Amino acid sequence: MAATTASLYRPEAEHAQKRDGFCGFEILISKHFPLGTPLAIRAHAEEGVKELRGSPVSLVRTPSARDSDVVFEANHPENLAPARLVDGMDTIGFVEQVNADLLAGWVSWPNDFSHIANLTFYENGRPAFTTVANRWRNDLAEMRQGDGRCGFEVRIPEELHDGRIHEFDIYVDDATSSALTRPIYLRLEERPRPSAVAFPPAVEHAGSGQETKQSRWAGAKTQFSIIVNFYNMKREAERTLASLTRGYQLDIGDMPYEVLCIDNGSNPPLEKEWVESFGPEFRLIKPSVLLPSPCAAINEAARQAKGRYVAVMIDGAHVLTPGIFREAIAAFDADPDCVVAARHWFVGGDQRWLSSVGYTREREDALFARIGWPADGYGLFEISAPLLESPNYWFGGLSESNCLFIPGHVYERIGGIDEAFSEPGAGFANLDLMRRAADAASAVICLVGEATMHQYHGGMTTNVTDQEKEIRVRAYSAAYSDLRGGAFENVPPQQIKLRGSIRSQYALVARQRPLFPGNLGITEHIRPGYVPQHFDEDAQIYLQSAYAECGAYKSTNWLGQPIDLAPSDLTSIQDIIREQRPTRIVATGVEDGLVSYMCSVLDALDLRETKIVRMTGTSASTPANSRIEIIVGDPYASVTLAAIDRAIGAEETTLVLFGPQPTDYVPVAQLSAYAQFVSHGSYLIYLRTAHGQPWLGYSKYWHLAVINRFVNGAGPFVIDQTRTQHFITSCPSGFLKKAKDILRLEDYDDTLDHL
């Protein structure tokens with residue numbers, strides 16, 4: 001229908017060094033475009049033809065719109081941007097995603113990345129809703145839009161879903177005109193409105209001549225009402241229901257409980273006889289209205305519950321360990337108004353990654369057979385991995401639980417699970433229930449050594465690609481933010497009380513899982529790790545401190561000479577020399593072996609003109625290498641610093657290695673004295689910042705505090721954490737890059753341009 005060349009200027013693409021920014025495109029759609037036909041957009045290059053992400057998109061024309069305007073039908077999760085924010089001297093940005101639930105994009109100030117935009121969305125000429133463009137996006141960070149925190153997502157209010165066409169405009173900050181080149185026209189199909197949660201009325205009792213009301217939950221003879229939601233998962237439901245039977249759950253005696261099994265529109269549906277075959281406690285619940293979100297069905301089941309405590313399992317694919325009921329009973333005996341939560345694991349491990357390399361339901365069935373389940377319910381830990389593979393898994397904060405016990409009167413008081421989470425899968429509804437129940441209860445009890453194990457099935461965020469999960473979670477997060485007025489926050493560790501015991505060595509995930517792996521044997525691929533998850537900050541600090549405290553760095557030598565640094569630090573120094581190709585290297589407080597090492601690196605890189613200016617406090621003999629210039633004296637004396645300045649001369653690329661003297665307890669001034677010699681883009685490497693046991697607090701040396709004070713000032717240095725990504729380091733936070741130099745106009749000498 002139309003063709004163009006991707007050669008328009010895009011400022012953010014220039015920042016990302018993409019063809020100098022001339023890689024954008026716009027296509028004007030002819031007014032003769034056939035109505036209702038999907039429009040595919042393909043890029044043609046020497047490598048071949050590729051359809052762009054978000055293509056195809058369906059367009060229709062409307063009588064109320066101008067001929068040049070189109071209405072974007074909300075029938076695709078990633079429609080192409082219908083409009084671009086106006087490029088001005090201060091602002092650039094794009095609307096990138098439009099669908100029935102949200103508007104998403106980004107706004108940035110190229111000249112002031114710290115500025116955060118306030119956006120007002122006008123609907124048919126009226127202010128409708130607002131947001132702040134401060135969401136972090138990895139793609140924008142890579143495109144050098146500041147630190148990437150300039151994205152926005154806004155959920156379109158439910159009241160606008162009336163089947164009509166709506167015109168949207170966006171105003172940035174206090175602007176008096178729309179930032180869009182043209183309005184966005186969006187038809188929002190009418191949706192059914194969820195009804196409010198209404199529980200049976202309280203029971204009236206007469207006593208002492210006064211009428212009082214008592215919640216129906218208080219006199220309940222049944223202890224637990226377990227509400228389990230199922231949708232197209234009979235295979236998974238069979239194990240879940242088996243784990244809820246009286247014969248499987250340990251030490252519960254004849255405690256009365258019920259299991260309310262919701263079939264939320266499965267095809268084929270669950271049979272009443274099959275559900276009841278698990279025991280007299282099991283009952284099938286068919287919702288009166290089938291909706292994409294299970295929230296209304298869960299509340300409907302809660303209104304039929306007979307138990308004193310309600311347990312919500314929003315995802316019926318979770319198998320329980322055998323002690324959950326026992327620990328919940330004991331918790332409620334101690335505190336009847338608390339909530340009890342079980343953390344969740346994944347059978348097989350990282351199911352989203354496993355699904356891409358050949359993991360199947362049949363392979364999972366073999367895992368269950370391997371441990372002889374259900375004979376030993378705690379064997380589940382042997383074939384599973386926790387939600388977050390963290391050393392602090394049992395002791396961290398809590399975002400949600402797939403077996404959350406709530407006192408019935410608390411569930412009623414908070415209005416049950418919020419049916420406003422109407423998206424398929426319910427979005428953050430389960431997280432929201434956890435958060436509200438925790439705030440309303442007397443305490444949050446989290447079980448240790450007991451868990452629910454998620455079986456492999458077509459979940460909304462588990463068995464999808466990273467990209468698909470990111471899109472869905474971002475939409476869920478935006479919906480939650482719009483509903484609650486802020487970002488979701490976990491229940492913090494300090495709000496949680498722990499109960500239970502470790503009954504399987506495999507549950508000691510931090511230590512035992514690497515020693516006893518699942519041995520699935522299904523792929524030749526290696527799973528990419530995610531450092532913050534698999535090796536969190538606490539573990540990194542522990543490793544660094546143990547390495548330095550035990551003095552392992554003292555065994556590092558180069559050509560027989562001691563270096564007094566970790567081997568990984570030498571690799572980082574070598575990388576910096578290779579990248580920067582300095583003509584002068586200033587070194588103070590360094591060992592002979594490190595100087596020898598740098599000479600070897602310079603020789604290998606054929607940097608013949610590079611000189612090393614080395615500071616020593618005592619007289620030295622003639623240097624062994626002609627590229628070394630030795631300056632003797634107090635390293636901080638003005639005469640010594642002047643000598644360094646003369647040795648550097650007019651050289652433009654300078655690297656500095658700073659080793660503090662033994663008496664430098666807080667050498668901020670000394671560090672600043674050597675920072676002046678670093679050229680823009682190069683490094684000030686603060687050596688041995690891990691020495692002195694600062695993590696124990698015994699020493700007078702506080703090198704990390706010095707660094708924080710130094711970089712948080714008005715200076716141009718930042719900490720480059722990528723240089724210590726090997727974890728084993730003697731210089732944590734010690735690689736300081738000069739990255740923020742700003743030359744004032746009055747200091748500019750234009751004669752330098754003509755040298």
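The first residue of the sequence shown is numbered 1, and numbering continues consecutively from there. Because only heavy atoms are used, hydrogens play no part in the values below, and waters and symmetry mates are left out as well, while side chains stay in. These numbers come from a predicted model, not from an experiment.
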Could you walk me through whether E423 and S293 pass the side-chain hydrogen bond (donor to acceptor under 3.5 Å, both in side chains) check? CA-CA 6 Å; E423 55 266 70; S293 169; over 6 Å; no
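- For E489, the CD atom sits in a loose shell: 12 or fewer heavy atoms of surrounding residues, nucleotides or ligands are nearer than 6.0 Å.
- The side-chain heavy atoms of S399 and M434, taken from C-beta on, include no pair separated by under 4.5 Å.
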Would you please test C446 and R343 for side chain to side chain contact (heavy atoms under 4.5 Å, CB included) and show each step? CA-CA 7 Å; C446 191; R343 298 182 186 270; 3.4 Å; yes
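- When atom types are taken as modelled, the side chain of Y257 and the backbone of R246 share a donor-acceptor pair closer than 3.5 angstrom.
- Side-chain rings of F282 and W274 stay apart, their centers remaining 6.0 Å or farther from each other.
- A salt bridge is absent between K234 and E238; no separation between the charged side-chain nitrogens and carboxylate oxygens falls under 4.0 Å.
- Contact of the F428 side chain with the S477 side chain is registered, since non-hydrogen atoms from C-beta on lie closer than 4.5 Å.
- Pairs of residues two or more places apart, or lying in two chains, never qualify as salt bridge (charged side-chain N to carboxylate O under 4.0 Å, His left out) while including a residue from residues 219-232.
- For the pair Y411 and F405, the minimum side-chain heavy-atom distance is 4.5 Å or more.
- Within a 6.0 Å radius of OH in Y231, no more than 12 heavy atoms belonging to other residues, nucleotides or ligands are found.
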Please report the C-alpha distance between V107 and F152 in whole Å, then the side-chain angles of each, then the deciding distance to 0.1 Å, and finally whether the side chain to side chain contact (heavy atoms under 4.5 Å, CB included) criterion is met. CA-CA 8 Å; V107 183; F152 68 84; 4.0 Å; yes
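- The closest donor-acceptor contact from the side chain of S504 to the backbone of Y506 lies under 3.5 Å.
- The ring of W345 has its center closer than 6.0 angstrom to the ring center of Y393.
- Electrostatic pairing of E382 and R370 does not count as a salt bridge here, judged by no charged N lying under 4.0 Å from a carboxylate O.
- Between R484 and D418, the closest side-chain pair of non-hydrogen atoms falls below 4.5 Å.
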Can you list the steps and then say if I262 with V228 is a side chain to side chain contact (heavy atoms under 4.5 Å, CB included)? CA-CA 6 Å; I262 300 172; V228 195; over 6 Å; no
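- For the pair S288 and E300, the minimum side-chain heavy-atom distance is below 4.5 Å.
- A salt bridge between E364 and R235 is present, with a side-chain N of the basic residue lying under 4.0 Å from a carboxylate O of the acidic one.
- Looking only at side-chain heavy atoms (C-beta outward), L433 and R436 come within less than 4.5 Å of each other.
- For the atom pair CD1 of I329 and CD1 of I324, the computed distance is 12.0 Å after rounding to the nearest 0.5 Å.
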Apply side-chain hydrogen bond (donor to acceptor under 3.5 Å, both in side chains) to residues Y378 and W373 and explain how you reach the verdict. CA-CA 9 Å; Y378 289 109; W373 192 88; over 6 Å; no
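- The shortest side-chain heavy-atom distance between V259 and C261 falls under the 4.5 Å cut-off.
- Taking a cutoff of 4.0 Å between a charged side-chain nitrogen and a carboxylate oxygen, E450 and R326 qualify as a salt bridge.
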Assess the residue pair R503 and D376 against the criterion (salt bridge (charged side-chain N to carboxylate O under 4.0 Å, His left out)); give the C-alpha distance rounded to whole Å, side-chain angles, the decisive distance to 0.1 Å, and a yes or no. CA-CA 11 Å; R503 299 173 182 270; D376 179 13; over 6 Å; no
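- Side-chain polar atoms of D335 and S442 form a donor-acceptor pair below 3.5 angstrom.
- Remark: L241 CG to T245 OG1 distance equals 9.0 Å, nearest 0.5 Å.
- The minimum heavy-atom distance linking P287 with N264 is given by the pair CG-OD1, 3.7 Å.
- In this structure, the separation between CG on L119 and OG1 on T130 is 9.0 Å, given to the nearest 0.5 Å.
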Quick one: do D315 and N229 satisfy side chain to side chain contact (heavy atoms under 4.5 Å, CB included)? Show the steps, please. CA-CA 6 Å; D315 184 351; N229 175 62; over 6 Å; no
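- The side-chain heavy atoms of Q455 and F368, taken from C-beta on, include a pair separated by under 4.5 Å.
- Judged as a ring pair (Phe, Tyr, Trp, His ring centres under 6.0 Å), the pairs with a partner in residues 288-323 (not counting sequence neighbours) are, in order, Y309-F332, H318-H344, H318-H454.
- At distances below 3.5 Å, not a single donor-acceptor pair connects side-chain atoms of T222 with backbone N or O atoms of G307.
- Annotation: F168 is not in aromatic contact with F121 [ring centroid separation under 6.0 Å not met].
- Evaluation of the salt bridge (charged side-chain N to carboxylate O under 4.0 Å, His left out) test over residues 252-268, restricted to residues two or more places apart or in two chains, returns E258-R283.
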